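Have a look at the structure below before the remarks.
These figures come from a predicted structure and were not determined experimentally. Note: hydrogens, waters and symmetry copies are ignored here, and every other heavy atom, side chains too, is used.
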Amino acid sequence: MKSPEEKSFGIWKERDSMNHWKVKNPRSDLSFEIAFTLAFREATKKYTHPAQIELACLQAQYPAILMPIEDDDVIAGRVQFGLVGYGIQGQTGGTGYYIDEPRVTEALEFQAGNAKYREDLHDLLTFWKARNTYEIVFRNTPKEIAAIIPTEQWKTQPVAASPIIRMAGAFIDFDKLVKIGIPGLEGEVRDALAHAADNGKDPVIYECMLGALQVLRDCCVFYHREALEKASEAKTARRKKEMTDLAAALEAIVRHAPQSMLEALQLCWLYGLMCPLIEFGRMDVYIGDLYAHDMDNKVITEKQALKMMQTYFYLIDSLDCETDGRVIVGGYGRRNPENADRFCLLACEACRTVREILPQFTLRFNKDTPKSVWAEAMRCIREGRTYPLLYNDDVLIPGVMHAFAVDRKLAESYMPLGCGELEFDHYSFGSPNGSIGTLKILELAVHGGYDPVSNSYLSFKSPGLVDCASYEEFLAVYKKHLEYFIEAQAKYEKYLYEAVGTIHPFMMVTMLYDGCIERGKGIFNGGCEYLAGTVELYGNVDAANSLAALKRLVFEERRLDAATVIAAMDNNFVGFERERRLMMDAPKYGNDLPFVDDILLDLHNYICATVREQAPKVGLKSYLCVNINNAQNTTLGRWVGATPDGRKSGMPMANANNPASGTDKNGLTSMLNSIVKLPHDNMAGMVQNMRFTRETWDDADGKAQYLLRDYFDRGGAQAMITVVGKEDLYNAMRHPEDYKDLIVRIGGLSARFVNLKKDVQQEIYDRISY
């Protein structure tokens, strides 16, 4: 019979509390977390310099969290981040020094362990409560900002705007890393250290950078030993060779820059884990030459190369980082287009055959993209992969030049991170650290700043809809409320960089960002040349649809008065069915109707301009908005009451720039005509989700793909495409066990449909299929 503790441990283990990262044999207790906390305690007693404390934490974390090479891997580097540890954003465990308090609490309550072990778990909770980076940053938010955006709990509370504490979007210089290797990077740091005193630089950060690179060497040695062990235990000649080759690669990258595709992939993966980062940049550039060399010299076969890429893709998926994990190929600005395009074909095949939700495989294309690359991309999409995500360089690069005020050379290095926000490769950082609910703010404007959902004022008191004599007057009120939250979010973005930068040099990232070694400063503490920011928008389309309904029904045709509209909204249209029908029948975006499309265009341009104006005010290189939604159009919609477009209380908002679900009724051409009206040259990213049935996609006349190319030719910047039948979605909701591999695009991420929350499934199902 099991003891009570063993029974409790069984319950706790079944909840999968330790295994966010896909490893076969996860750690079964919190011994690492206890050891990490001890190392942090000792470091903070001994040191005051942030780099010295960070180095001690790197030494405690690596290789301790590295997991064994799995049976089919040909690259080493499985990882299980701790419930306490060091990261850069939530998908790497947490931001800075973090604790996953709910899951540590769960371990305390349900996991087996002796009295000393339970004391240690209590200690974890009390020690980190006020010392984790998230809490320090949130607690010290300036009062004037916190008064406007007081909570980050947007999942459970009605908010008009919310801070997001993270440092998302590190794109390090993998190309440089492959070219010079660990010894070359150490050489740069040693040279900077030798001249630090003469140049007035801080020698300590350079000394700690060298220490961090030694930890990377230790990780290579750790896996070298394991690979040799696995080679000696291998049951087949093929597996013995794979592990022997891997051991040789791990030994080589400690000594010199990578000289083979395997060495380059292995070095980049382990370096990335230590940052730790979850964006993998332009792989065709930094791997393409070595891939071509190895193939041309018969060092490897195409089958071996494909298995390397499949392993790399599986490793990215194992991070379970949901909205991130970008691998980018194609486009302008590559130093080696011929070899890079050869690699593109290999990467497309890896994407097609690794049927997971990550990586977010991304194709930047232009008028010169080889037909073979485009054909393979279309093949992946047709087979339901939702990848590659398509980015039109001929449209985006001029737009990026205008939005960020940069030259073409820099614009050609743009990188879509996470859900699709744009940065510049190893040069800029523009973490999306705030969200603004434009539909929620419209609800507040209608009620004069008052929120009927929380029964409180979330914005300043102002005239409401009933007080406005014209549409223009109400629109001006709404825009004032938008400005109120935009200004607060910009100030918060700058504050967050400063707050995090004083605590964390993030040395592994810093060493491979342009100019940081020369400046001798951490990336967020004066090291980054182009420190920027972005703010996420939710609800623009619904807000425009609501404005269109108010303009048409209240102020032009006068079929409804303002008081009736508010009463209908406050009662969620119960008893106001006729009024709701009028609102639902008002013009909707996505049907190529100038009346409502122009309203959205005006709103879009106003928000983009207002956001952009904040950069010089707060001291950022740029501050731009992004209209890129993941499932938050559904989550945030839960806390928005009924709205003038006829949407009921709590229902999902439209996803990004796409029409509200089910409202684009005039066909695919009309929907695309609406989408291309919104400029992309005044913001840092927007996405368009499109869903086709297999029958439409495979149409003998090629209508769907013709319209897609026409969309891009007329200024379409981006597309995320799902090819799936609506009947498949219907059946998957009712028989999930039969559709475990059905992958759909939500907004800025792909997901297995059956794993989504029911309301998210319903929102996706309600979208129009073409």
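- A donor-acceptor contact closer than 3.5 angstrom is absent between the side chains of Arg745 and Thr386.
- Within the 3.5 Å criterion, the main-chain N or O of Met653 finds no donor-acceptor partner in the side chain of Asp542.
- Within 6.0 Å of CE on Met651 lie no more than 12 heavy atoms contributed by other residues, nucleotides or ligands.
- Rounded to the nearest 0.5 angstrom, Arg580 CZ and Lys648 NZ are separated by 5.0 Å.
- Without hydrogens or angle criteria, Arg379 side chain to Arg352 main chain gives no donor-acceptor distance under 3.5 Å.
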Using the rule given for side chain to side chain contact (heavy atoms under 4.5 Å, CB included), can you reason through Met308 versus Gln266, listing the C-alpha separation, both sets of side-chain angles and the distance that settles it, and then say yes or no?
CA-CA 10 Å; Met308 289 181 207; Gln266 185 62 79; over 6 Å; no
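- Between Arg166 and Glu536 there is a salt bridge, since a side-chain N of the basic residue sits under 4.0 Å from a carboxylate O of the acidic one.
- Lys440 contributes no side-chain N or O that, together with a main-chain N or O of Pro158, makes up a donor-acceptor pair within less than 3.5 Å.
- Using modelled atom types, one finds a donor on one side chain and an acceptor on the other under 3.5 Å when comparing Thr323 with Gln91.
- Between Val84 and Glu33, the shortest heavy-atom distance links the atoms N-CG, 3.3 Å.
- Atom OG of Ser661 sits about 12.0 Å away from atom OH of Tyr765, to the nearest 0.5 Å.
- For the residue pair Asn545 / Asp645, no side-chain donor-acceptor distance below 3.5 Å is found, with atom types taken as modelled.
- Atom CD of residue Gln705 and atom CG of residue Asp699 lie 10.0 Å apart, to the nearest 0.5 angstrom.
- Judged by distance alone, with hydrogens and angles left aside, the side-chain atoms of Arg385 form a donor-acceptor pair with the main-chain N or O of Val354 at under 3.5 Å.
- Leu319 places none of its side-chain heavy atoms less than 4.5 Å from the side chain of Leu315.
- For the residue pair Asp73/Thr311, the side-chain donor-acceptor check at 3.5 Å is not satisfied.
- Judged by distance alone, with hydrogens and angles left aside, the side-chain atoms of Asn392 form a donor-acceptor pair with the main-chain N or O of Gly716 at under 3.5 Å.
- By the neighbour-count criterion of 12 heavy atoms within 6.0 Å, atom NZ of Lys665 is sparsely surrounded, having that number or fewer from other residues, nucleotides or ligands.
- Remark: side-chain polar atoms of Tyr711 are paired, donor with acceptor, to backbone N or O of Gln718 under 3.5 angstrom.
- Residue Trp154 comes nearest to Ser162 through the heavy atom pair CD1-OG, 3.4 Å, listed as atom of the first residue, atom of the second, then distance.
- We find the CZ-CD distance between Arg752 and Glu356 to be 4.5 Å, quoted to the nearest 0.5 Å.
- A pairwise comparison of heavy atoms in Ile88 and Pro276 identifies CG2-O, 3.0 Å as the closest pair.
- Counted within 6.0 Å of CG on Asn25, heavy atoms from surrounding residues, nucleotides or ligands total 12 or fewer; the atom is thus considered open.
- Salt-bridge formation is detected for the pair Asp710/Arg714: a Lys NZ or Arg NE/NH1/NH2 atom is positioned less than 4.0 Å from an Asp or Glu carboxylate oxygen.
- Counting heavy atoms of neighbouring residues, nucleotides and ligands inside a 6.0 Å radius, atom CD of Glu727 does not exceed 12 of them.
- Rounding to the nearest 0.5 Å gives a distance of 6.0 Å between OH of Tyr589 and CG of Leu600.
- Proximity of a side-chain donor or acceptor of Tyr739 to a complementary backbone N or O of Arg734 within less than 3.5 Å is not detected.
- The closest donor-acceptor contact from the side chain of Ser318 to the backbone of Lys22 lies at 3.5 Å or more, if one exists at all.
- Taking 4.5 Å as the limit, some side-chain heavy atom of Met733 sits within range of a side-chain heavy atom of Phe753.
- Side chain of Tyr291 to backbone of Ala340: no donor-acceptor contact under 3.5 angstrom is found.
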Assess the residue pair Asp585 and Arg581 against the criterion (salt bridge (charged side-chain N to carboxylate O under 4.0 Å, His left out)); give the C-alpha distance rounded to whole Å, side-chain angles, the decisive distance to 0.1 Å, and a yes or no.
CA-CA 6 Å; Asp585 288 343; Arg581 173 49 55 192; 3.3 Å; yes
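- Side-chain N or O atoms of Thr663 include none that pairs as donor or acceptor with a backbone N or O of Pro659 at under 3.5 Å.
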Asn689/Asn655 under side chain to side chain contact (heavy atoms under 4.5 Å, CB included): CA gap, chis, key distance, verdict:
CA-CA 8 Å; Asn689 282 286; Asn655 193 285; 3.5 Å; yes
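- Rounding to the nearest 0.5 angstrom, the gap separating the CG atom in Leu246 from the NZ atom in Lys230 is 10.5 Å.
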Take Asp72 and Tyr314 through the test side chain to side chain contact (heavy atoms under 4.5 Å, CB included) and record every step on the way to the result.
CA-CA 10 Å; Asp72 210 36; Tyr314 278 121; over 6 Å; no
